[in-house]
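To start, the structure under review is shown below, and the notes come after it.
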Amino acid sequence: MNTVKIIKKGDPLWEAMEEDRIYYENTVRHEIYQEGQKKKN
């Protein structure tokens with residue numbers, strides 16, 4: 001049987017996951033921007 005750990009804001013695991021989410025979001029935004037620049041030229 002698997003269990004689920006509930007993590008809350010302030011928990012070190014939550015902080016790490018939030019940093020990963022922000023990094024991924026910024027990476028995607030940058031890639032979209034780069035594609036737009038390529039199409040523009």
Side-chain angles (χ1 to χ4, degrees):
M1 175 182 263
N2 293 331
T3 58
V4 175
K5 178 181 178 184
I6 297 174
I7 56 173
K8 296 179 181 178
K9 192 172 187 176
D11 184 294
L13 181 57
W14 185 90
E15 296 293 336
M17 290 172 61
E18 183 68 2
E19 286 177 16
D20 287 347
R21 183 194 66 77
I22 291 168
Y23 176 81
Y24 176 75
E25 189 176 292
N26 287 335
T27 299
V28 170
R29 285 182 182 172
H30 180 73
E31 289 175 0
I32 291 169
Y33 174 79
Q34 292 296 326
E35 284 298 314
Q37 292 299 312
K38 286 180 188 175
K39 289 181 181 179
K40 205 167 155 183
N41 294 330

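Computed from a predicted model, the values in this text were never measured in an experiment.
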For this session: Side-chain contact test, heavy atoms from C-beta onward, threshold under 4.5 Å: evaluate it for Y33 versus Q37 and give yes or no.
Result: yes
Problem set entry | Sub-4.5 Å side-chain heavy-atom contact between E35 and E31 | no
Exercise. To the nearest 0.5 Å, what is the distance between CD (Q34) and CD1 (I32)?
Worked result: 11.5 Å
Problem set entry | Worked verdict on E15 versus D20 for side-chain contact (heavy atoms from CB on, under 4.5 Å) | CA-CA 9 Å; E15 296 293 336; D20 287 347; over 6 Å; no
Exercise. So with a 6.0 Å cut-off around CZ of R21, is the heavy-atom count from everything else above 12?
Worked result: yes
Exercise. Considering only heavy atoms from C-beta outward, does the side chain of L13 approach that of M17 to under 4.5 Å?
Worked result: yes
